Amino acid sequence: MSKNSKVLNLKDKISGNEVDLSLCNLTEVPVRELALFTKATVVDLSCNNITSLPPEFCNLTHLVKVDLSQNQLTCLPDDLGNLASLQHLDLYNNKLTVLPVSVSQLRSLKWLDLKDNPLEAGLAKAAGDCLDEKQCKQCATKVLEHMRELQDEVDRAREKRLLREKELGRKREVKQREREAREKETRKREKAEEKEKRRKEYNAQVAAAAAREQQKKKNEEKKKKNGQAAADKAAAVEKTTKPRRSLLGLMFKLLLLLLLGLAGVAAACRLTDLQKEAACVPVNVAVDDGLSWAKQQEGVVRQLVQNLSSAAKEFLESTQASKN
């Protein structure tokens with residue numbers, strides 16, 4: 001069935017401001033079609049098989065009277081309170097246990113029937129018997145009061161929940177700030193420790209460099225002192241040796257001069273006409289004695305050389321024999 005045919009069929013069921021959809025074997029409410037007829041403020045949906053109302057039903061704010069008796073409703077939409085113009089609501093013989101809290105917003109509601117529903121105890125007590133129009137009006141009044149109390153409880157619970165969430169949020173914020181403060185303090189302490197560590201390392205390096213420089217200076221001073229001591233010692237040795245050498249040289253020169261003098265005298269007394277002089281006689285005698293002593297010593301020297309040669313030969317022979 002097309003949309004136009006639905007509209008045509010719904011239009012056939014409209015009489016003035018009333019729409020009669022009872023006994024149509026409906027399983028759902030034709031909300032889209034009802035929304036097209038805003039002048040139809042009274043809707044009869046009784047004696048069908050409707051199990052639930054769609055959320056869009058709450059947009060039919062032009063409705064004044066709705067009959068949903070003898071259906072299979074187990075729940076009503078949460079935003080039912082949006083039907084601000086609703087004055088008459090018949091929910092007789094359904095399967096409702098509770099009503100949405102938003103029912104407390106139905107300020108215009110004057111008539112309500114909740115008979116033959118498995119209502120929870122508090123709601124059933126507020127609804128009463130609803131056996132006549134007076135009781136149904138009282139039902140509307142008392143149920144609205146009951147739902148307002150539930151709404152207040154819900155609001156208080158929501159307010160408590162919001163306060164609790166706010167308090168939890170504040171505590172989380174405080175903990176977050178404390179954690180950030182601890183982390184900041186930890187980073188600050190670690191930074192200070194790292195700085196102190198670098199400062200100690202720098203001071204150690206400076207101290208090591210100063211120690212090396214001090215040791216270098218000590219070594220240089222020591223070398224300088226050793227060099228100065230060696231120089232002083234050499235100078236002292238040279239100072240003590242130089243006079244000794246000078247004295248020996250002087251004595252050697254004097255001895256050489258003396259020998260040259262004696263040789264000259266001996267030559268003069270031996271080779272010149274002075275040999276006959278009385279002064280040259282002892283000189284010539286001494287020269288003759290010296291020559292005789294030298295000749296004697298020549299034999300001794302030869303004998304000594306021979307002995308040394310024999311000894312060397314024997315030593316070589318014994319060495320060769322020990323090697324063999």
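By convention here, the first residue in the shown sequence is residue 1. These values consider heavy atoms only, across backbone and side chains, with no hydrogens, waters or symmetry-generated copies. Bear in mind that the values here come from a model prediction, so they are computed numbers and not experimental data.
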Heavy atoms, side chains only, cut-off 4.5 Å: are [X] and [Y] in contact?
{"X": "E18", "Y": "D44", "answer": "no"}
{"X": "L53", "Y": "L76", "answer": "yes"}
{"X": "L63", "Y": "F57", "answer": "yes"}
{"X": "E159", "Y": "L162", "answer": "no"}

Interatomic spacing from [atom1] in [X] to [atom2] in [Y] - rounded to 0.5 Å:
{"X": "Q72", "Y": "N93", "atom1": "CD", "atom2": "CG", "answer": "8.0 Å"}
{"X": "D79", "Y": "N82", "atom1": "CG", "atom2": "CG", "answer": "5.0 Å"}
{"X": "R177", "Y": "K184", "atom1": "CZ", "atom2": "NZ", "answer": "13.5 Å"}
{"X": "D67", "Y": "L89", "atom1": "CG", "atom2": "CG", "answer": "9.0 Å"}
{"X": "H88", "Y": "L112", "atom1": "NE2", "atom2": "CG", "answer": "9.0 Å"}

SG(C136) to SG(C130) below 2.5 Å: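 Yes, disulfide present: SG-SG under 2.5 Å.
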
Would you call [X]-[Y] a salt bridge at under 4.0 Å N-O?
{"X": "R199", "Y": "E196", "value": "yes"}
{"X": "K115", "Y": "D113", "value": "yes"}
{"X": "E221", "Y": "K217", "value": "no"}

CD (E133) with more than 12 external heavy atoms under 6.0 Å: no

Under 3.5 Å: donor-acceptor pair, side chain of N117, backbone of L119: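 No, the answer is negative, given that no donor and acceptor are paired below the 3.5 Å cut-off.
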
Polar side-chain atom of N71 near backbone of S69 as donor-acceptor pair, under 3.5 Å: yes

Check against salt bridge (Lys or Arg N to Asp or Glu O under 4.0 Å), E190 and R187: CA-CA 5 Å; E190 290 176 350; R187 289 194 299 270; over 6 Å; no

